[in-house]
Amino acid sequence: MSKKPSPLIIILCILCGITISILLAVVAVQFVRTPPPAGTVDPMRLNQSEFRQLGLIPTTPRHYILRLVAKEWFFDVGQTRDAPASITIPQHSTVTLITTSMDVVHSLQIPGNPIMMIIPGKIQQQTIVFDTPRTYTIVCGVYCGPKHTQMQLTIVVTPAK
Ligand code: CUA
């Protein structure tokens, strides 16, 4: 005759199963919502890639490319590190964000848009139309080390004249 497992063990197993399922679901949702990478880049040779020029680059009227490199612990848009990164665009601008990471996995989430995972070696691209004048404060959504909470990007959308 085999010994029946105690009810406590059964409850612990069920709780463990539920916890693991929730964690897997959270991770899956983050990755599923991230569009596939637009390409690859060597994180050690970013200065020999398109990421040697960072920041906001106007292409056509009200259309910009924003090239950004995430690193411990700031979003580099070609500005000094003294203040959090900030860009200003007029209302109804279309911005194509092109990002990569220099070190570990970071992320960006612009409200109303899919999470952008920023992964070393991968080029992530997303085009966003900013129709509403407002200030977006965007933080890093993946724990990336002691100063993770300091990673911040501000996008100021000014009213159309
Ligand atoms: Cu970068 Cu958290």
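Both backbone and side-chain heavy atoms feed into the values below; hydrogens, waters and symmetry mates do not. In listed order, ligands and their atoms are each counted from 1.
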Give a yes/no answer: is there an N/O/S atom of Val142 under 2.8 Å from atom 2 (Cu) of ligand 1?
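True for Val142.
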
Would His148 count as a contact for atom 1 (Cu) of ligand 1, in the sense that one of its N, O or S atoms lies under 2.8 Å from it?
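Given the 2.8 Å cut-off, His148 does not count as a ligand of atom 1 (Cu) of ligand 1.
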
So, is Met151 placed with an N/O/S atom under 2.8 Å from atom 1 (Cu) of ligand 1, counting both backbone and side chain?
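Met151 does place an N, O or S atom closer than 2.8 Å to atom 1 (Cu) of ligand 1.
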
Side-chain (Gln126) to main-chain (Thr96) donor-acceptor, under 3.5 angstrom:
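Looks like no, no N/O pair under 3.5 Å.
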
So which heavy atom on Cys144 is nearest to which on His106, and how close?
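Result for this residue pair: SG-ND1, 3.4 Å.
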
Taking only Lys NZ, Arg NE, NH1 and NH2, and the carboxylate oxygens of Asp or Glu, determine whether Lys147 and Glu72 approach each other closer than 4.0 Å.
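Looking at Glu72 together with Lys147, the answer is no, because their closest N to O distance does not fall below 4.0 Å.
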
Geometry at atom 1 (Cu) of ligand 1 - His106 ND1 versus Cys140 SG angle, rounded to 10 degrees:
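The angle at atom 1 (Cu) of ligand 1 comes to 120°, rounded to the nearest 10°.
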
Does atom NZ of Lys122 have more than 12 heavy-atom neighbours, drawn from other residues, nucleotides or ligands, at distances under 6.0 Å?
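At most 12 heavy atoms, drawn from other residues, nucleotides or ligands, come within 6.0 Å of this atom.
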
